[in-house]
Peer 1: 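First, the structure itself, so that you have it in front of you.
Quick note: numbers below take in every heavy atom, side chains included, and nothing from hydrogens, waters or symmetry partners.
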Amino acid sequence: MRARWALAGVALLLAAVLAGLGVWQVERRVWKLALIDRVEARLAAPAEPAPPRMRWARITDDDAYRRVTATGTWRAAPPVFTQAVTDFGAGHWVLSPLDTAGGTILVNRGFVPAGDRRTIAQPSGPGRITGLLRVSEPDGGFLRDNDPADDRWYSRDTAAIARARRLGSVAPYFIDAEAVPGTQWPRGGLTVVRFRNNHLVYALTWFTLAAMMAYFSWRLARGRG
């Protein structure tokens with residue numbers, strides 16, 4: 001008898017934990033839907049000036065995907081190539097430093113196929129860019145770390161790139177440039193804005209498991225387990 005009641009109590013406790021996980025997934029779904037709405041509104045909004053140096057310390061993931069514009073002078077430095085895969089196949093993103101009145105910003109000028117990498121040169125003179133603000137990516141790529149010593153980049157880590165290329169202080173974000181008509185490579189405007197939203201499925205799974213555990217606990221308490 002005592003063992004059966006103890007097991008029933010454990011099952012009831014598990015039911016409560018599983019139900020809590022279900023509630024958490026419901027809350028995550030509400031947060032994700034709000035995030036999607038917020039990003040969609042940003043994508044449709046007019047471009048605003050890129051955050052200057054005085055605001056860099058306050059840049060967070062919540063600032064991602066804002067449409068921004070930056071005006072300055074292209075730094076005379078070789079482009080940085082970070083590995084990328086797009087609908088055009090495997091290749092690289094092309095990053096170049098733009099010196100603005102508000103500080104230096106790395107600009108992702110777009111995608112270039114691996115075979116055309118050597119044809120890409122650093123722009124010079126005045127430049128004006130419109131695109132999406134993207135927060136720095138400091139963790140490297142999937143199962144691959146950036147290798148600054150060999151100039152191998154799998155993520156757009158602005159701070160690491162700045163150190164490796166001796167660019168000085170740069171913004172903790174980069175700008176994904178919009179497509180420029182008539183330009184083949186690098187090709188901008190390829191930012192993929194997609195958010196996985198499986199939280200409802202997860203919530204139903206947790207609630208179902210919680211109900212099963214609650215039923216199991218009731219059966220044990222009635223002596224029918």
Peer 1: Return all side-chain donor-acceptor pairs below 3.5 angstrom for residues 49-60, not counting sequence neighbours, or 'none' if the list is empty.
Peer 2:
residue: R53; atom: NH1; partner: S169; partner atom: OG; Å: 3.2
residue: W56; atom: NE1; partner: P51; partner atom: O; Å: 3.1
residue: W56; atom: NE1; partner: P52; partner atom: O; Å: 3.2
residue: T60; atom: OG1; partner: D62; partner atom: N; Å: 3.2

Peer 1: Within the distance-only criterion (no hydrogens, no angle test), does the side chain of D99 pair as donor or acceptor with the backbone N or O of T104 below 3.5 angstrom?
Peer 2: no
Peer 1: Is there a side-chain contact between P186 and H92, using heavy atoms and a 4.5 Å cut-off?
Peer 2: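 The answer is no, as the side chains (C-beta and beyond) never meet within the 4.5 Å cut-off.
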Peer 1: Could you work out the complete set of other residues in the hydrophobic cluster of L95, with links drawn between I, L, V, M, F, W and Y side chains under 4.5 Å apart?
Peer 2: V80, F81, F88, W93, V94, L106, F111, V112, I120, W153, I161, L167, V170, F174, W185, L190
Peer 1: Determine whether a donor-acceptor pair (N or O, by modelled atom type, separation under 3.5 Å) exists between the side chain of E137 and the backbone of R156.
Peer 2: yes
Peer 1: With a cut-off of 6.0 Å (strictly less than), are more than 12 heavy atoms of other residues, nucleotides or ligands near CZ of R152?
Peer 2: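 No, because the 6.0 Å sphere around CZ of R152 holds 12 heavy atoms or fewer from other groups.
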Peer 1: If you round to the nearest 0.5 Å, how far is CZ of R128 from OG1 of T73?
Peer 2: 13.5 Å
Peer 1: Can any side-chain N or O of T158 pair as donor or acceptor with the backbone N or O of S136 at less than 3.5 Å?
Peer 2: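 Here the side-chain-to-backbone pair does not exist.
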Peer 1: Any idea which heavy atoms bring D157 and P138 closest together, and the distance?
Peer 2: OD2-CA, 3.3 Å
Peer 1: Can you tell me how far CZ of R187 sits from CG of D87, rounded to the nearest 0.5 angstrom?
Peer 2: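 Answer for the CG-CZ pair, D87 versus R187, is 10.5 Å.
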Peer 1: Just wondering, do Y173 and R66 contact through their side chains at under 4.5 Å, heavy atoms?
Peer 2: no
Peer 1: Please say yes or no: joined through hydrophobic side-chain contacts below 4.5 Å, possibly via intermediate residues, are V135 and Y65 part of one cluster?
Peer 2: no
Peer 1: Between T208 and L204, which heavy-atom pair has the shortest distance, and what is it?
Peer 2: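 Between these two residues, the closest heavy atoms are OG1-O, 2.7 Å.
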Peer 1: Are V107 and L132 connected, step by step, through hydrophobic side chains (Ile, Leu, Val, Met, Phe, Trp, Tyr) whose heavy atoms are closer than 4.5 Å?
Peer 2: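 Per the 4.5 Å side-chain linkage, V107 and L132 are not co-clustered.
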Peer 1: From L98 CG over to R75 CZ, what is the distance, rounded to the nearest 0.5 angstrom?
Peer 2: 10.0 Å
Peer 1: Do I129 and R109 make a side-chain contact, defined as non-hydrogen atoms from C-beta onward lying under 4.5 Å apart?
Peer 2: no
Peer 1: Please round to the nearest 0.5 Å and tell me the distance separating atom CE of M212 and atom CG of L14.
Peer 2: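 Answer rounded to 0.5 Å: 12.0 Å.
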